[in-house]
Amino acid sequence: MNQHPNMHLVDVSCSACGASFRVRSTAEAISIDVCSNCHPLYTGRERTVASGGRVERFNRRSALATV
Ligand SMILES: [Zn+2]
């Protein structure tokens, strides 16, 4: 069973960190801005910033509601 007859290995290059790897895809070539190497979600570098802002906003709103 071959669900995707056009699937083949393509080189994916990350423009942010320069990492390259291969995936199976129907595309000829893939260029991405972030990859698992440099994405904040994986590196954890900006995780506190991303989630902190949302929580902070929620806390501020709930604080206003109690006053
Ligand atoms: Zn990357």
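What you see below is based on every heavy atom in this structure, not just the backbone, and it leaves out hydrogens, waters and symmetry mates. Residue numbers run from 1 in the order of the sequence given. Just follow the structure's listing: the first ligand is 1, and inside any ligand the first atom is 1.
- Closest non-hydrogen pair, R24 versus M7, comes out as O-CE, 3.9 Å.
- Across C14 and D33, no two heavy atoms sit closer than the pair SG-O, 3.8 Å.
- The CZ atom of R22 lies 6.0 Å from the CG atom of L9; values are rounded to the nearest 0.5 Å.
- Of all protein N/O/S atoms, those under 2.8 Å from the Zn ion (ligand 1) are C14 SG, C17 SG, C35 SG, C38 SG, and waters are not counted.
- Within the hydrophobic cluster formed by Ile, Leu, Val, Met, Phe, Trp and Tyr side chains joined at under 4.5 Å, directly or through other members, V10 is accompanied by V12, F21, V23, I30, I32.
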